[in-house]
Amino acid sequence: MLVIKYQRPPGTSDVTPDEAGQWHEIEASFVELCRRHCFSEVRTPIFEDTELFIRSVGSGTDIVSKEMYTFEDRGGRSLTLRAEGTAPAVRAYLENHLMQQDPERVVKLYYIAPIFRYDRPQAGRYRQHTQFGLEAIGSASPAVDVEIIQTTSEFYEAVGIDNALLKLNSVGCPECAPEYVKAIRAFTADKLEQMCEDCVRRYDENPLRMIDCKNEQCRAVVQQGPTMIDTLCQECAEHFAQVRGYLELLGLAYELDPYIVRGLDYYTRTAFEFAAEDIGAQSSIGGGGRYDGLVEQMGGRPTPGVGIGIGVERVLLVRQQLGVAGAEPARSGCFMVTLGDAAWAAGLKLAAQLRGRGLRVDVDYRRRSMKAQLRYADSEKFARALIIGDDELAKGVVAVRDMDSGQQEEVAMGELPEFLRGSTR
RNA sequence: GUGGGCGUAGCUCAAGGGUAGAGCACUUGACUGUGGCUCAAGUGGCUGGGGGUUCGAGUCCCCUCGCCCACCCCA
């Protein structure tokens, strides 16, 4: 075997020509939905000031404490490869004054961006992955939460995913969230001996993590206890009720899941996640929520916001699992089949001319036999073979062969662009 | 970061101490200028890498790299 000297870094992947079509397909679906819903694209640098992520995501989170790709540049700045999509979008919102002096303007942004996290790779989890993201900054209206959810839901449907399950929760605000922490601590205090080691540790360090523990015994305990929804303050409870009302108004199905905890500190109120089955342990194909304190925390005026990140590689996994992977590419374009040196030269010239007219044309640089050229034209799904040999040259024609039907006719060389126009891209 | 499984041809997989194989794909031919079907032949391997045991190692042992699965975490 070929000795391969260099390999991709762990947890990264190449999108090969075979797969690129699928990427284009789902990117096009996403962009089209963003257009309909009036989200505008924002493109931010692939790295940011390290502090941006620490301050927004939270220094205690796994992302910040052990998953960031952080490095120092030659000027001594600490930079970090984009670990998350929301913080850079909010930074760009503030830095470019996208609110245009109207702090209540609803700024709807989308991005398609690689995200980097140092983690142990496994199916559906990579060190570089791609997120399609939506952010709506400037409004606290629960209808905005629902538009984010709706747009995402429409996206899944557009790319053939019909089994995405929306899980919904509210994590409250800085007023009421601590109440829940107190409540769950109080409830579990005398039940720790029934719970796993991790949860005993979490009791002190991060009690919220106890509620999404997968251990069955822990679940049994937690399910008897209070839920976040029970301890919401009146404003948060009202907001959440309205989110649910809008979801119902728009006919969006969801499942209440009081055990969703988001791993980033900036989330407030609405938290949601889209889950798909059968792609392994990493079943979340999109997740997000509201972040009403983030803009202010990053130096802006108090401004509410809500957004989502969609895991593109996981979307592709689900499509593969469901068998909806891209349609067979239709036959297209022309393959130039030439015999002999004079025909080869004429073919090159003709190919250039046809490409100038917008047609897709390739030639056989290997100068192989006619049989080999036709076999190649067939296997590469060309719609037409343009055959030129001494006979055709003498008559000033090209034999145009339809690769589906096998029908062939001679067309005068000068009339070829006209003949092919529209019929063969 | 912890535990477990797996790395053999471009792809999917055989061979479990004694000459590395099959199917598909690719190339060529049967068909002197006509693809898809059929038949035949051919190209293609330092068996992931390094070390060890042995007369002899895909095969046994150690190290290493990578992939997969679970934990954890997240999209």
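To find a chain, count down the sequence lines: A is the first, B the second, and so on, and within it residues start at 1.
The aromatic rings of Tyr69(A) and Tyr118(A) sit perpendicular to each other, their planes meeting at more than 60°, with 30° as the lower class boundary. Ring geometry, His37(A) versus Phe39(A): the interplanar angle falls from 30° to 60°, so the pair is classed tilted.
Within 3.5 Å, a donor on the side chain of Glu392(A) pairs with an acceptor on the base of G33(B), or the reverse. On a pure distance criterion of 3.5 Å, a polar donor-acceptor pair joins the side chain of Arg401(A) and the base of G35(B).
You'll find the ring centres of Phe116(A) and Phe47(A) outside the 6.0 Å limit.
Rounding to whole angstrom units, CG of residue Asp378(A) and P of C26(B) are separated by 10 Å. The nearest whole Å value for the distance from the CD1 atom in Ile161(A) to the P atom in A75(B) is 17 Å. Between the OH atom of Tyr259(A) and the P atom of C74(B) there is a distance of 19 Å, rounded to whole Å. If you take CG of Leu374(A) and P of U28(B), they are 12 Å apart, rounded to a whole angstrom.
Of the residues near RNA chain B, Ala399(A) and Arg120(A), the one whose nearest nucleotide (by heavy atom distance) lies more toward the 5' end is Arg120(A).
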Pairs counted only when both distances fall under 3.5 Å, Watson-Crick or G-U: show me the 5' to 3' dot-bracket for RNA chain B, [ ] for pseudoknotted crossings and | for other-strand partners.
(((((((..((((....[..)))).(((((.......))))).....(((((..]....))))))))))))....
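G42(B) has its base anti relative to the sugar, with a glycosidic angle deviating from 0 by more than 90°.
Of the residues in residues 28-46 of chain A, none has a non-hydrogen atom less than 4.0 angstrom from any atom of RNA chain B.
Nearest nucleotide to the Gln282(A) side chain, out of C72(B), C68(B), G1(B): C72(B).
Scanning all heavy atoms of the two residues, the minimum distance from Arg357(A) to Pro417(A) falls at NH1-CB, 3.6 Å.
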